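Just so it is clear, the structure is predicted and the values come from calculations on it, not from any experiment.
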Amino acid sequence: MDQAVFERYESEVRSYCRTFPTVFTKAKGSILTDQDGREYIDFFNGAGALNYGHNPDFIKQKLIDYLASDGIIHALDMYTVAKGEFIEALETKILQPRGFDYKLQFPGPTGTNAVEAALKLARKVTKRTNIFAFMGCFHGMTLGSLSLSSDAGSRAGAGMPMGNVTHLPAPYQFGEDFALNYLRTVLEDDHSGIDKPAAIVFETVQAEGGIYVFSDEFLRAATEIAHEHEVLTIVDDIQVGCSRTGRFLSFERAGIKPDIVCMSKSIGGYGLPFALVLIKPEYDIWSPGEHNGTFRGNQLAMIAATAGVEVTLEQHVEDGVAERAKLVADFMANEMAPVSPDIEIRGLGLIWGVDVHDDAKAAAITRRCFDKGLVLERAGRKNGVAKLMPSLVIPPETLLKGLTILRDACAEVLG
């Protein structure tokens with residue numbers, strides 16, 4: 001396949017292909033292969049949609065069997081066996097054993113659909129319009145989700161003003177105490193000039209913002225303040241859920257129970273489009289059809305998602321993440337940090353960032369990684385963070401090989 005066909009006919013909006021300029025033909029586990037037969041270790045992981053790796057055999061066979069049986073593929077929100085089995089698996093094997101009581105809403109098939117639904121519901125429940133979000137956050141590219149997202153480059157694409165959102169200082173910017181005092185002040189001071197919000201939306205780890213981990217203590221305190229003032233809490237678990245940070249739901253570590261949770265990406269099990277909104281039952285006040293979408297009934301994704309739950313439990317994925325996370329943490333401390341004093345390392349579970357605080361240097365690092373056979377993207381302020389997001393079941397030797405490539409690339413660029 002000649003790359004010219006893409007360059008001639010595909011929109012200029014394309015992005016990842018500019019960073020990874022080759023034509024890929026197949027993928028298995030943590031390895032991508034291009035049409036020239038060259039292999040690449042995948043630390044990009046479908047932007048977090050492939051937590052179980054490429055084409056995992058167990059999930060693939062479930063999909064093949066379902067297709068061979070002529071199972072229903074498109075069903076909107078009708079009752080189907082595929083949906084029922086997924087609901088039962090998520091509720092009885094994941095949510096209830098962990099003490100969570102959530103109703104499930106199936107919006108459109110992408111993460112931003114889940115966020116849009118959550119915003120609409122929060123405003124409907126509270127009859128308030130403003131939303132609080134944190135500086136450094138990313139929640140999607142449709143207008144409601146984009147109004148939450150703080151990245152100037154993304155917001156510029158809207159082509160119109162975006163309102164009804166107040167961005168708060170993130171805890172890592174001026175300290176957790178400052179961030180919590182600021183939150184409490186704007187809610188309690190009748191001269192703050194800021195409208196009381198319907199909800200406060202946060203990621204437990206800001207991923208696109210540069211891999212900033214919100215501490216357990218901060219998450220608990222912010223949730224408590226919100227609930228004191230009858231403000232709903234919404235966790236965007238789209239990228240860092242499904243065991244990415246070590247627990248199936250990223251906020252479990254903090255012991256909080258958000259009012260609404262947004263999920264997508266790896267909840268589809270196989271990289272198939274799928275999104276969920278988890279809602280505390282008392283806030284499920286939708287009227288029938290009040291929020292809908294033609295592709296909210298992606299049956300193949302439900303088959304894969306049910307299989308993904310089975311993989312999580314039967315293969316002890318959360319324990320595997322803990323083991324691999326220690327390997328990454330040790331490598332970062334002993335091998336990566338000594339490369340340069342300019343490097344700042346942040347991460348949790350199997351999402352990590354190597355921050356070099358410079359767009360050009362980070363771009364050079366990711367280019368050299370690609371040349372050496374490693375695929376990873378950039379994130380954060382000035383796009384200065386090399387972002388590691390490998391499969392949760394990546395073989396440890398492959399993980400170490402990828403980390404070594406990244407270390408060498410950093411040494412070449414920063415040395």
Around atom CD of Gln61, are there more than 12 heavy atoms of other residues, nucleotides or ligands at under 6.0 Å?
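More than 12 within 6.0 Å, yes.
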Counting only heavy atoms not in Lys83, do more than 12 fall under 6.0 Å of its NZ?
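Atom NZ in Lys83 is crowded, with more than 12 foreign heavy atoms closer than 6.0 Å.
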Give me the ring orientation class for Tyr16 and Phe20: parallel if the planes are under 30° apart, tilted from 30 to 60°, perpendicular past 60°.
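Rings of Tyr16 and Phe20: parallel, under 30°.
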Check the angle between the aromatic planes of Phe100 and Phe251 and answer parallel, tilted or perpendicular using the 30° and 60° thresholds.
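Plane angle over 60°, so perpendicular.
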Of the non-hydrogen atoms in Ala222 and Leu180, which two are nearest, and what is the gap between them?
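Minimum heavy-atom separation between Ala222 and Leu180: N-CD2, 3.7 Å.
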Least distance between heavy atoms, Phe218 atom then Ala179 atom
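Nearest pair, atom of Phe218 first, then Ala179: CE1-CB, 3.8 Å.
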Are the side chain of [X] and the backbone of [Y] linked by a donor-acceptor contact shorter than 3.5 Å?
X	Y	value
Asp284	Ile279	no
Thr142	Gly144	no
Thr233	Thr223	no
Ser30	Ile41	no
Ser264	Phe274	yes
Asp189	Thr185	no
Arg220	Ala254	yes
Ser149	Phe138	no
Ser145	Gly140	no
Arg378	Asn383	yes

Checking His74 against Phe295 for the ring pair (Phe, Tyr, Trp, His ring centres under 6.0 Å) test, could you report, in this order, the C-alpha distance in whole Å, the side-chain angles of both residues, the deciding distance, and whether it holds?
CA-CA 7 Å; His74 185 277; Phe295 294 100; 5.4 Å; yes
Do [X] and [Y] touch side chain to side chain, with heavy atoms closer than 4.5 Å?
X	Y	value
Leu95	Leu278	yes
Ile73	Leu67	yes
Phe132	Val231	no
Pro390	Arg324	no
Leu399	Phe43	yes
Phe134	His167	no
Leu90	Phe248	yes
Met1	Thr25	no

Pair listing, salt bridge (Lys or Arg N to Asp or Glu O under 4.0 Å) test, anchored in residues 24-51, at least two apart:
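Sorted result for residues 24-51: Lys28-Asp57.
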Salt bridge (Lys or Arg N to Asp or Glu O under 4.0 Å) contacts in which one or both residues fall within residues 163-184, not counting sequence neighbours
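Matches after skipping sequence neighbours: Arg184-Glu188, Arg184-Glu228.
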Between Asp77 and Arg296, is the salt bridge (charged side-chain N to carboxylate O under 4.0 Å, His left out) condition met? List the steps.
CA-CA 7 Å; Asp77 68 353; Arg296 65 191 184 278; 3.4 Å; yes
Side chains of [X] and [Y] only: does a donor on one sit below 3.5 Å from an acceptor on the other?
X	Y	result
Asp195	Thr129	no
Asn45	Ser391	no
Glu85	Thr306	no
Glu318	Thr312	no
Gln315	Tyr52	no
Thr245	Ser250	no

When rounded to the nearest 0.5 angstrom, what distance separates CG in Leu143 from CG in Leu119?
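Rounded to the nearest 0.5 Å, the CG-CG separation comes out at 11.5 Å.
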Indicate yes or no: does [X] engage [Y] in a salt bridge with an N to O separation below 4.0 Å.
X	Y	value
Lys387	Glu208	yes
Arg155	Asp151	no
Asp359	Lys382	no
Glu290	Lys124	yes
Arg18	Glu12	yes

Candidate list Val311, Leu350, Leu392, test side chain to side chain contact (heavy atoms under 4.5 Å, CB included), partner Asn51, passing option
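Of all the options given, the one that passes is Leu392.
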Evaluate the criterion side chain to side chain contact (heavy atoms under 4.5 Å, CB included) for residue pair Ile234 and Cys262; output intermediate values, then yes/no.
CA-CA 8 Å; Ile234 301 174; Cys262 301; 4.1 Å; yes
Does His291 form a side-chain hydrogen bond (donor to acceptor under 3.5 Å, both in side chains) with Lys120? I'd like the steps, not just the answer.
CA-CA 9 Å; His291 188 89; Lys120 285 173 63 174; 3.0 Å; yes
After noting the C-alpha distance and the side-chain angles of Glu412 and Arg367, does the key distance pass the salt bridge (charged side-chain N to carboxylate O under 4.0 Å, His left out) rule?
CA-CA 12 Å; Glu412 292 172 10; Arg367 278 197 304 270; over 6 Å; no
Find out whether the Lys NZ or Arg CZ of Arg346 is both under 6.0 angstrom from the six-membered ring centre of Tyr212 and within 45° of the ring's axis.
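Geometry flag: set, cation within 6.0 Å and 45°.
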Does Tyr270 have Lys60 sitting over its ring (NZ/CZ under 6.0 Å from centre, angle to axis within 45°)?
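Output no; distance or angle outside limits.
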With sequence neighbours excluded, tell me which residues meet side-chain hydrogen bond (donor to acceptor under 3.5 Å, both in side chains) with Thr110.
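Here the qualifying residues are Asn113.
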Can Ile131 and Ile200 be said to form a side chain to side chain contact (heavy atoms under 4.5 Å, CB included), step by step?
CA-CA 6 Å; Ile131 303 288; Ile200 180 169; over 6 Å; no
side-chain hydrogen bond (donor to acceptor under 3.5 Å, both in side chains) between Tyr40 and Thr33, intermediate numbers included
CA-CA 6 Å; Tyr40 301 82; Thr33 306; over 6 Å; no
Determine, stepwise, if the pair Asp259 / His227 fulfils side-chain hydrogen bond (donor to acceptor under 3.5 Å, both in side chains).
CA-CA 10 Å; Asp259 299 307; His227 287 164; 2.9 Å; yes
With side chain to side chain contact (heavy atoms under 4.5 Å, CB included) as the test, would you mind laying out the steps for Phe106 and Phe86 before giving the verdict?
CA-CA 12 Å; Phe106 300 87; Phe86 169 70; 4.0 Å; yes
Starting from the C-alpha separation in whole Å, work towards a yes-or-no answer on side chain to side chain contact (heavy atoms under 4.5 Å, CB included) for Lys103 and Lys280.
CA-CA 6 Å; Lys103 298 282 288 295; Lys280 284 187 175 179; over 6 Å; no
